[in-house]
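Have a look at the structure below, then the notes.
These figures come from a predicted structure and were not determined experimentally. Numbers restart at 1 for each chain; the letters A, B, ... are given by sequence-line order, proteins then strands.
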There are 2 protein chains.
Amino acid sequence: MVRLKRRFVIPEEIRVEVEEKGGFEQIVQGLPRDEMRVVTKVIDTLSDPQRVKILYALARQRMCVCMLRRVIGSSYPRCSYHLSKLKRGGLVRSERLGNYFIYSLTPFGKSIVKHFRKYRPEVRT
Amino acid sequence: MVRLKRRFVIPEEIRVEVEEKGGFEQIVQGLPRDEMRVVTKVIDTLSDPQRVKILYALARQRMCVCMLRRVIGSSYPRCSYHLSKLKRGGLVRSERLGNYFIYSLTPFGKSIVKHFRKYRPEVRT
DNA sequence: TAAATATTTCAAAAATTTTTTAAATACTAG
DNA sequence: CTAGTATTTAAAAAATTTTTGAAATATTTA
């Protein structure tokens with residue numbers, strides 16, 4: 001005895017809305033893949049309280065690693081790890097100054113802080 | 001023989017800039033703690049490609065879980081897990097419609113997508 | 001050149017997040 | 001009421017990320 005697989009059913013009320021937009025597949029295919037990829041990457045790069053703190057600190061003042069590790073209260077390797085992540089995401093850059101590495105925000109990094117600042121989400125936590 | 005602990009030293013060039021801003025401690029204390037906390041939370045809530053996809057899909061059309069799980073290609077529990085995270089972050093909400101749960105973006109969730117959209121970061125990946 | 005400093009890299013350990021599987025809920029339809 | 005559906009919850013397993021500690025680099029200073 002063959003068993004028919006149930007096919008994809010969506011609630012009536014919603015189906016109407018979906019139809020108007022050309023159907024479910026249409027909607028899914030229309031998602032902005034590139035934008036989503038970039039957003040995902042940037043967000044991934046930032047998803048850690050310490051990295052967010054670094055971002056904000058650098059928005060105020062460029063700093064060497066010995067300063068940044070104080071900002072987030074961590075060891076060198078730990079700080080270095082976070083910095084490299086932020087760097088990979090294109091949010092910060094570094095340049096050598098003698099024995100120091102000076103980190104600062106890239107224009108992209110700056111724009112992100114500016115955005116947050118402008119937006120100031122008011123979420124209850 | 002007592003050994004003096006080296007004290008916190010920062011490169012000259014940078015120290016000048018820092019002084020102008022009232023010193024290192026000043027800068028650190030001046031960081032916008034509340035804003036950073038909220039940003040961290042929102043980002044944490046979103047930090048996953050599937051959750052970003054859900055966010056964008058809901059920006060187009062409210063959906064039940066059976067639709068969303070198709071959008072991200074996952075099982076129910078997995079989808080449910082991501083939704084609950086997004087919910088905790090205040091980005092989405094759900095309402096029951098018979099046997100279905102219809103998820104949609106909160107105003108806050110919408111504003112975030114709008115922001116990304118407006119910004120359209122152009123990062124090379 | 002040798003010693004010290006700032007920082008990075010690496011690998012292992014620890015912590016956290018995500019996925020899976022099974023079971024629980026709540027509603028609808030027969 | 002019973003069976004079926006959509007969804008959530010819970011607990012364990014798997015995967016990923018973060019932290020740590022030790023060692024490697026590059027630069028400066030003595």
Can you list every pair that meets side chain to side chain donor-acceptor pair (under 3.5 Å) and has a residue in residues 71-80 of chain B, with sequence neighbours left out?
B:Q50-B:R78

How does protein reach along nucleotides 18-23 of chain C, written 5' to 3' as B (base within reach of a heavy atom under 4.0 Å), S (only sugar-phosphate), or - (no contact)?
BBBBB-

What is the separation between atom CZ on B:R70 and atom C1' on D:dA6, rounded to the nearest whole Å?
14 Å

With sequence neighbours left out, what residues match B:R69 under side chain to side chain donor-acceptor pair (under 3.5 Å)?
none

Set of residues satisfying side chain to side chain donor-acceptor pair (under 3.5 Å) with respect to B:K87, sequence neighbours excluded:
B:S94

In whole angstroms, how far is the P atom of C:dT7 from the CD1 atom of A:I72?
13 Å

Tell me, which pairs form a ring pair (Phe, Tyr, Trp, His ring centres under 6.0 Å) where one or both residues lie in residues 27-53 of chain A, sequence neighbours left out?
none

Hey, quick one: are B:L55 and B:Y81 part of the same hydrophobic cluster, counting side-chain heavy atoms closer than 4.5 Å, chains of contacts allowed?
no

Distance, rounded to the nearest Å, where B:R88 contributes CZ and D:dT9 contributes C1':
13 Å

Separation of atom NZ in A:K53 from atom C1' in D:dT18, rounded to whole Å
17 Å

Could you check whether B:K41 pairs with B:D44 (Lys NZ or Arg NE/NH1/NH2 to Asp/Glu carboxylate O, under 4.0 Å)?
no

Enumerate the residues from residues 60-69 of chain A whose closest heavy atom to DNA chain C is under 4.0 Å, giving them by residue number; use none for an empty result.
A:C64, A:V65, A:C66

Residue pairs passing the side chain to side chain donor-acceptor pair (under 3.5 Å) test where at least one lies in residues 18-32 of chain B, sequence neighbours excluded:
A:Q61-B:K21

I'd like to check the side chain to side chain donor-acceptor pair (under 3.5 Å) partners of B:S104; sequence neighbours left out, ordered by chain and number.
B:R93

Applying ring-ring contact (aromatic ring centres under 6.0 Å, His included), name anything that partners B:Y56, two or more places apart in sequence or on another chain.
none

Excluding sequence neighbours, so at least two apart, what forms ring-ring contact (aromatic ring centres under 6.0 Å, His included) with B:F24?
B:F8

Sequence neighbours excluded, which residues qualify as side chain to side chain donor-acceptor pair (under 3.5 Å) partners of B:R62?
A:E13, A:E17

I need the CD1-C1' distance between A:I54 and C:dT7, as an integer number of Å.
14 Å

Can you tell me how far P of C:dT8 sits from CZ of A:R93, to the nearest Å?
16 Å

Under 4.0 Å, heavy atoms only, any strand: does B:Y100 hit a base, just the sugar-phosphate, or nothing?
sugar-phosphate

Separation of atom CD1 in B:I14 from atom P in C:dT7, rounded to whole Å:
11 Å

Restricting to nitrogen or oxygen on both sides, can you table the protein-nucleotides 24-30 of chain D pairs closer than 3.5 Å?
from	atom 1	to	atom 2	distance (Å)
D:dA26	O3'	A:R96	NH1	3.4
D:dT27	O2	A:N99	ND2	3.3

Within the structure shown, what part of the strands sits under 4.0 Å from A:F101 by heavy-atom distance: base, sugar-phosphate, or nothing?
sugar-phosphate

